[in-house]
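Just below is one structure, and these are the notes that go with it.
The first residue in the sequence is number 1, and the count goes up from there.
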Amino acid sequence: MRETRITGAKAVLESLIHERVTQVFGYPGGAIMPIYDALYDYDTRLNHTLVRHEQGAIHAAQGYARASGKVGVVFATSGPGATNLITGLADALIDSTPLVCITGQVASHLLGTDAFQESDVIALSTAVTKWNIQVTEVEALADALAKAFYIARSGRPGPVLIDITKDVQFALVDWLYTPCEFIKSYRPEPVMNRGVLEAASLCINQAKKPMLLIGQGVILSQGEVELIAFVEKSGIPVASTLLGLGAFPQHHDLYIGMLGMHGDYAPNVKTNECDLLIAVGMRFDDRVTGDVNRYAKQAKIIHIDIDEAEFNKIIPVDFEIHADAKQALAFLTANVEKKSHHQWVSEFKQGKQFEIETLESKKQQSGVTDITMTEVVQLISDMTQGNAVIVSDVGQHQMIAARHYQYRYSKSHITSGGLGTMGFALPAAIGAKIGVPEKTVLAIIGDGGFQMTLQELGTIMQSQIDVKIVILNNEFLGMVRQWQQLFFEKRYSFTAMENPDFIALANAYGIEAEKVDQHANLEKALERLFLYKGSYLLEVRVAQEENVFPMIPTGASVAEVQLHE
């Protein structure tokens, strides 16, 4: 807490420092110019990364938040600067990523006049933010910022937006900053119902074929240690959602794979065989459930989530545990019996072996001789021993990176889950590397997604960020092409891509790059990428018509997962 008379622009920066912010991503413009002018004197206290597009700023902030566990902060100007944040806000909201986005706005006396670069960002962003506010009085600024950080990071995290008129940025104020710790009617930390937890514990103790499904909520609650303790005491096999990858070590004997449309065969099939399904920090997304009318009908379901709006929204459950995942898991661990389910767990291992043998057989029958995306990701996993932070874009390569990289640690898998935003990976990898500079950060991107945000190579160049980039180039919008092949009679409508020279592009930005299209050259090329001191781009020409299997077709049950076309 500190009081002094300063401008609103400086008050914003002082507030960030008070919230222990050290990193900002942004792009300047007229309506936020006073804040950027004040930032000129804060270069030793606030690191600002200049991106090449506001969408790049918010995706970078997402990557930073997801890798570091901190709140990502974004600056943008009014009008198109603010509207360019909308996709990232929607992405962050559905994936529960804590962000504080600060936008400049035209002067308050011009609001509603269609002034130059005016847009009603509050109305535009209401549906894609956890909370938003427009500040038109400088005295309200400190309180708005304090609330923004509290709301963004508490409970189920999410993005908030503060729109600050230009006159507020110039105005003087007796700045007094008090961190927010309470908001009337907002209860981000639910009180656990011990009775429900005790009943759930009894149900767990009675189960013969229990199964645990974990989501990103375990990571957000920092409940990884509690999860391992619960699993090892209860003996329950663990499956993960896409965003839950890394919350539980994949080399653990009780890890059974990823669930969902392109998840592993055994956990998908056995979802409809288990007698108890425990869902922790996940929301029963349609990509996980398949046909909801045929999802785990035989099982009792325990659902643990910090957001009570998720209960019974898609799948009816028997036990609603409205709680922080970390706390709920600790309680359950203390109350469940020590058990093992050897026969049940062995069925998953048999299913995994069946999947491996079937996929390998189909690969041999296909006669494909080109490098495959699967081959590349498996080699990357072996070479990094699961220690890298993998940031994937959206498409076939995303599913292959999720399936074939062995995630050993929490916060090591970053991707756009709920929104499926192409172009996410390159800027998100920039943010991730800034968030965890001691770790190797590798962006795995398709040729389509790369071209949506490739201008952020300029950010890498200017800020000298050591990001490793692997483009898996099949000259197609691969996932759409796969669906066209399987469900639209191979009518490849506008999915073939004529691509630029990616190596020349990287070189134009001062980034080392090479291309590989032969199996014999792949491993050495990846070695050069990982050993190089600085950013490096590797383009790998892969098979054009490699498909991602297993796959649950739209409308099918999870038990109808297919291992080949």
Side-chain angles (χ1 to χ4, degrees), residues 1-54 56-58 60-61 64 70-82 84-85 99-111 115-118 121-122 132-150 152 160-180 431 434 459 462-463:
M1 183 184 297
R2 186 157 60 89
E3 186 172 1
T4 187
R5 193 162 179 80
I6 57 177
T7 66
K10 189 173 182 180
V12 169
L13 305 181
E14 291 290 339
S15 300
L16 296 185
I17 291 170
H18 201 95
E19 292 287 349
R20 299 182 178 178
V21 172
T22 58
Q23 174 65 42
V24 178
F25 302 90
Y27 202 95
I32 200 170
M33 202 174 296
I35 289 176
Y36 269 90
D37 181 68
L39 186 60
Y40 190 85
D41 297 321
Y42 282 73
D43 59 338
T44 60
R45 288 179 286 172
L46 285 171
N47 182 63
H48 178 278
T49 299
L50 175 66
V51 296
R52 297 303 184 264
H53 191 284
E54 290 86 359
I58 194 164
Y64 175 86
K70 300 176 183 178
V71 176
V73 179
V74 177
F75 286 170
T77 194
S78 63
N84 283 341
L85 299 179
L99 301 179
V100 171
C101 297
I102 297 171
T103 56
Q105 183 56 274
V106 300
S108 54
H109 72 278
L110 294 174
L111 291 172
F116 177 67
Q117 290 194 332
E118 179 191 4
V121 69
I122 297 300
N132 64 12
I133 188 171
Q134 186 174 76
V135 181
T136 58
E137 301 289 339
V138 71
E139 291 78 13
L141 187 56
D143 183 58
L145 285 159
K147 285 182 178 179
F149 278 92
Y150 177 61
V160 303
L161 183 141
I162 307 175
D163 194 43
I164 307 173
T165 58
K166 197 169 184 178
D167 51 308
V168 167
Q169 298 172 52
F170 279 122
L172 294 174
V173 64
D174 291 325
W175 181 71
L176 180 66
Y177 192 83
T178 303
C180 181
I434 292 173
T459 305
Q462 182 167 347
S463 297

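Distance check: T136 OG1 to L141 CG gives 11.0 Å after rounding to the nearest 0.5 Å. Note that CG of D174 is 9.0 Å distant from CG of L176, once rounded to the nearest 0.5 Å. One finds the CG atom of L16 at 11.5 Å from the CD atom of Q23 (value rounded to the nearest 0.5 Å). Note that the OH atom of Y64 and the OG1 atom of T49 stand 9.5 Å from one another [nearest 0.5 Å]. Atom-to-atom distance recorded for L13:CG and T7:OG1 is 8.0 Å, nearest 0.5 angstrom. From F25, atom CZ reaches atom CD1 of I434 across 4.0 Å, with rounding to the nearest 0.5 Å.
Pairing each heavy atom of V12 with each of I35, the nearest pair is CG2-CD1, 4.1 Å. What you find for L99 and A152 is that their closest heavy atoms are O-CB, 3.6 Å. Closest approach of S15 to W175, counting heavy atoms only: OG-NE1, 3.3 Å. In terms of heavy-atom proximity, P28 sits nearest to L50 at CD-CD1, 3.7 Å. Taking every heavy atom of both residues into account, G29 and T77 meet most closely at C-OG1, 3.4 Å. For A148 against I162, the heavy-atom pair with the smallest separation is CB-CD1, 3.5 Å.
For E19, the salt bridge (Lys or Arg N to Asp or Glu O under 4.0 Å) partners are R153, not counting sequence neighbours.
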Would you check, one step at a time, whether the test side chain to side chain contact (heavy atoms under 4.5 Å, CB included) holds for L111 with V106?
CA-CA 7 Å; L111 291 172; V106 300; 4.0 Å; yes
Step by step, work out the side chain to side chain contact (heavy atoms under 4.5 Å, CB included) result for I58 and C101.
CA-CA 8 Å; I58 194 164; C101 297; 3.8 Å; yes
Verify side chain to side chain contact (heavy atoms under 4.5 Å, CB included) between H53 and Y27, making sure each step is shown before the conclusion.
CA-CA 7 Å; H53 191 284; Y27 202 95; over 6 Å; no
Show your reasoning for whether side chain to side chain contact (heavy atoms under 4.5 Å, CB included) applies to V73 and F149.
CA-CA 10 Å; V73 179; F149 278 92; 4.1 Å; yes
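The 12-atom threshold is exceeded at OH of Y150, counting heavy atoms of other residues, nucleotides or ligands nearer than 6.0 Å. Annotation: E139, atom CD; neighbour count of heavy atoms from other residues, nucleotides and ligands within 6.0 Å is above 12.
Side chain of D167 to backbone of A107: no donor-acceptor contact under 3.5 angstrom is found. In terms of modelled atom types and a separation under 3.5 Å, the side chain of S78 and the main chain of Q117 share a donor-acceptor contact. The closest donor-acceptor contact from the side chain of D37 to the backbone of M33 lies at 3.5 Å or more, if one exists at all. A side-chain donor-acceptor contact under 3.5 Å links K166 to the backbone of G30.
A donor-acceptor contact closer than 3.5 angstrom is absent between the side chains of Q169 and Y36. Side-chain contact of Q134 with T165: a donor-acceptor pair under 3.5 Å is absent, judged by distance alone.
In this structure the side chain of L46 reaches within 4.5 angstrom of the side chain of V21, judged on heavy atoms. Counting heavy atoms from C-beta outward, E14 and I6 have side chains that approach closer than 4.5 Å.
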